[in-house]
A.B. asks: 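Quick one: this structure, given as structure tokens, is what I'll be asking you about.
Atoms considered below: every heavy atom in the structure, side chains included; atoms not considered: hydrogens, waters and symmetry mates. Throughout, residue positions are numbered sequentially from 1 according to the sequence presented. Only a predicted model underlies this, so the values are computations on that prediction, with no experimental measurement involved.
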Amino acid sequence: MFELIQIAFINVIAKFLKFSFELGTSFFVTKSTYGEFALILSYIMIFTKISSFGIQNIMVRDVPKYSNYKYIFYLFFNSSIIIFIVSVILYFTLYLFSFNYIIYYPIIYVIFLSNSFNILYSTYLRSIKEVKLWIYFQDINIYIIYFTLLAILYLFNNRELNISFILNIYAISTVVTLLSTLIYLKFKREFKLISKLSLKKMRYIATHSMPVLFTGLTYLIISRIDVIMLEKYVNLELVGEYNIIARVTLQILFFNQVIVSYYYPRLAKMFAQKRDFSAIAIYNTKFVLLSFLSVAMVSFILFIAIKDFNLFELLNIKNREVLYSVFVTLTITQIIYSAICFYGNILIYIHKQKMEYFNNLIVLILAILLNIILIPLYGVWGASIATSISLILGNILQMVQVKYFTGTLFISFNRR
């Protein structure tokens, strides 16, 4: 329990910095520039998810199985080759299809490639249960560097910070963060960055991570496509304000993410050891209860902050009435999500991740169609409704499939 408290404290710092990154940037630039930043950041998150290829989840699952460090380094090296190949293909595809932002701001490639590599290599620390270090190298280091550079430029640069300045600062931050992670692994963990290249192993990693990629990518697209599609129907200022509320609401999952970072590696190990499903269910129920209750508690606190402490005013939100409806819709969604979000990982642990091809296709089509239908009718509120329905449906599909393959929902209130 003490370790969980430590992880929670470090996660507080990480989430605060990430929250400040997405929202705090708005205080350094104009409203329209921030709206463009929110839009580009949504694309960067999607590109990072594609190029990282979901491999980090496979590493968390597979690394505990092996005691041979050379073999583990071999896994990571071949994983890095896959990431590089995918990122290059993605960049040239975007360029050939004349994607405006990649043409105007080619630095975006540096950002999502560096982020992808950092996600992979920092995952080694998570896979060996060094969760606190994993949080630092993946979620803290980059924002410390970013805000340091942003503050220096803001204080000493006479010109207004435009989108190019912001992206360049972000790129430098991602590169320095990646180098810091690699240096730490190399000299403190004796991690071998270069190993044997194996097409067979690359094929194994790619085939196992592909369904995971589609899962993560689908949910990321669902959480970001609303911002992207809103650009066509509302002005950039309202896009920026919607993004602020969406990111504020996402912080409701803070304790859920702390609990996930602690429990998932242990849950993966129980499946790797082929423990009895009833024992896993008892253990998993602790996670579910902690996750649900924590999210419900934070939701209530945030509701009070908005109603009684004028949080919207502090965030400089002008369209408060319609964005309050967005807040309520997304909050209810997060509470439900917190209780059923673990089924996707269980599909990975029971080696049924290929079901995610079907799940993600259904959910992604639904998300796009709902946004197309609801945004013209209800604007930003329609975007939040589309996001909510799609997110919950995806988790319900995973729940049904886990029940079908295992005969249990991994929820049990029996004590041993």
Side-chain angles (χ1 to χ4, degrees), residues 8 11-12 14-16 18-24 26 38 42 45 218-227 229-230 234 238-260 287-344 363 366-367 370-371 374-375 377-396 398-399:
N11 242 315
V12 167
K15 298 308 175 185
F16 173 76
K18 186 173 183 178
F19 181 74
S20 299
F21 168 66
E22 291 219 32
L23 274 67
S26 65
S42 296
M45 296 296 181
T218 296
Y219 288 106
L220 179 60
I221 290 175
I222 290 171
S223 68
R224 295 284 178 171
I225 197 172
D226 45 7
V227 174
M229 295 186 70
L230 277 170
V234 301
L238 186 52
V239 171
E241 289 192 348
Y242 176 87
N243 185 69
I244 289 173
I245 298 304
R247 296 320 122 202
V248 167
T249 309
L250 191 61
Q251 303 314 305
I252 291 171
L253 292 175
F254 165 72
F255 287 109
N256 164 269
Q257 291 163 350
V258 173
I259 294 164
V260 162
F287 155 71
V288 174
L289 289 174
L290 282 172
S291 174
F292 176 78
L293 293 174
S294 67
V295 171
M297 177 189 69
V298 176
S299 299
F300 177 74
I301 293 172
L302 195 56
F303 174 79
I304 296 299
I306 290 173
K307 296 294 290 184
D308 297 334
F309 294 93
N310 299 320
L311 180 60
F312 277 11
E313 185 176 339
L314 294 174
L315 295 173
N316 196 25
I317 300 297
K318 295 180 180 178
N319 301 276
R320 296 174 189 175
E321 185 174 343
V322 66
L323 288 171
Y324 180 74
S325 299
V326 169
F327 163 75
V328 172
T329 302
L330 294 178
T331 298
I332 293 172
T333 302
Q334 305 291 20
I335 294 173
I336 297 171
Y337 171 83
S338 69
I340 58 177
C341 63
F342 60 91
Y343 287 107
V363 172
L366 179 66
L370 286 175
N371 273 286
L374 296 177
I375 288 178
L377 292 175
Y378 303 109
V380 290
W381 187 41
S384 66
I385 294 172
T387 297
S388 298
I389 293 174
S390 305
L391 184 65
I392 298 302
L393 176 64
N395 282 274
I396 290 175
Q398 292 169 341
M399 182 194 305

A.B. asks: How far apart are the closest heavy atoms of Val326 and Val380, and which atoms are they?
C.D. replies: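 Heavy atoms of Val326 and Val380 come nearest at CG2-O, 3.6 Å.
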
A.B. asks: What pairs with Thr329 under side chain to side chain donor-acceptor pair (under 3.5 Å), at least two apart in sequence or on another chain?
C.D. replies: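 Only Trp381 meet the side chain to side chain donor-acceptor pair (under 3.5 Å) criterion with Thr329.
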
A.B. asks: List the residues meeting side chain to side chain donor-acceptor pair (under 3.5 Å) with Thr249, not counting sequence neighbours, and say none if there are none.
C.D. replies: none

A.B. asks: Which residues pass the side chain to side chain contact (heavy atoms under 4.5 Å, CB included) test with Ile336, not counting sequence neighbours?
C.D. replies: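 Scan of Ile336 (side chain to side chain contact (heavy atoms under 4.5 Å, CB included), adjacent residues dropped) gives Ile332, Ile340, Ile392.
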
A.B. asks: Can I get a per-line list of side-chain donor-acceptor pairs under 3.5 Å for residues 302-310, giving both atom names and the distance, sequence neighbours left out?
C.D. replies:
none

A.B. asks: Within a radius of less than 6.0 Å around OH of Tyr324, do more than 12 heavy atoms belonging to other residues, nucleotides or ligands occur?
C.D. replies: yes

A.B. asks: Which heavy atom of Asn371 sits nearest to which heavy atom of Ala383, and what is that distance?
C.D. replies: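 Closest pair (atom of Asn371, atom of Ala383, distance): OD1-CA, 3.8 Å.
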
A.B. asks: When rounded to the nearest 0.5 angstrom, what is the spacing between OG in Ser325 and OH in Tyr378?
C.D. replies: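 That separation rounds to 12.0 Å.
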
A.B. asks: Mind checking what makes side chain to side chain contact (heavy atoms under 4.5 Å, CB included) contact with Val239, not counting sequence neighbours?
C.D. replies: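 Applying side chain to side chain contact (heavy atoms under 4.5 Å, CB included) to Val239 gives Val227, Leu230, Val234.
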
A.B. asks: For the atom pair OG1 (Thr333) and CG (Leu391), what is the distance rounded to the nearest 0.5 Å?
C.D. replies: 7.0 Å

A.B. asks: Looking at residues at least two apart in the chain, or sitting in another chain, which of them share a side chain to side chain contact (heavy atoms under 4.5 Å, CB included) with Ser299?
C.D. replies: Ile252, Val295, Thr331, Ile335

A.B. asks: Can you name the side chain to side chain contact (heavy atoms under 4.5 Å, CB included) partners of Ile317, sequence neighbours left out?
C.D. replies: Glu241, Ile244, Ile245, Phe312, Leu315, Arg320, Leu323

A.B. asks: Quick one: list whatever passes side chain to side chain donor-acceptor pair (under 3.5 Å) with Ser338, sequence neighbours left out.
C.D. replies: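 Partners of Ser338 under the side chain to side chain donor-acceptor pair (under 3.5 Å) test: none.
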
A.B. asks: Name all residues meeting the ring-ring contact (aromatic ring centres under 6.0 Å, His included) criterion together with Tyr343; count only those two or more places apart in sequence or in a different chain, and write none if there are none.
C.D. replies: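 Residues passing ring-ring contact (aromatic ring centres under 6.0 Å, His included) with Tyr343: none at all.
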
A.B. asks: Begin with the C-alpha distance, continue with both residues' side-chain angles, and end with the deciding distance and a verdict on side chain to side chain contact (heavy atoms under 4.5 Å, CB included) for Leu370 and Ile389.
C.D. replies: CA-CA 9 Å; Leu370 286 175; Ile389 293 174; 3.8 Å; yes

A.B. asks: Out of curiosity, Met399 CE to Cys341 SG, how far, rounded to the nearest 0.5 Å?
C.D. replies: 10.5 Å

A.B. asks: Please report the shortest heavy-atom distance between Ala386 and Ala367, naming the atom on each side.
C.D. replies: CB-O, 4.5 Å

A.B. asks: Test of understanding: with side chain to side chain donor-acceptor pair (under 3.5 Å), list the residues that count as partners of Ser384, not counting sequence neighbours.
C.D. replies: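 Side chain to side chain donor-acceptor pair (under 3.5 Å) list for Ser384, sorted by chain: empty.
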
A.B. asks: Tell me the closest heavy-atom pair linking Ser390 and Val363, and the distance in Å.
C.D. replies: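 Looking at all heavy atoms of both residues, the closest pair is O-CG1, 3.4 Å.
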
A.B. asks: So which heavy atom on Ser388 is nearest to which on Leu330, and how close?
C.D. replies: OG-CD2, 3.8 Å

A.B. asks: Quick one: CD1 on Ile385 to CD1 on Ile375, what's the gap to the nearest 0.5 Å?
C.D. replies: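 The CD1 atom of Ile385 sits 10.5 Å away from the CD1 atom of Ile375.
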
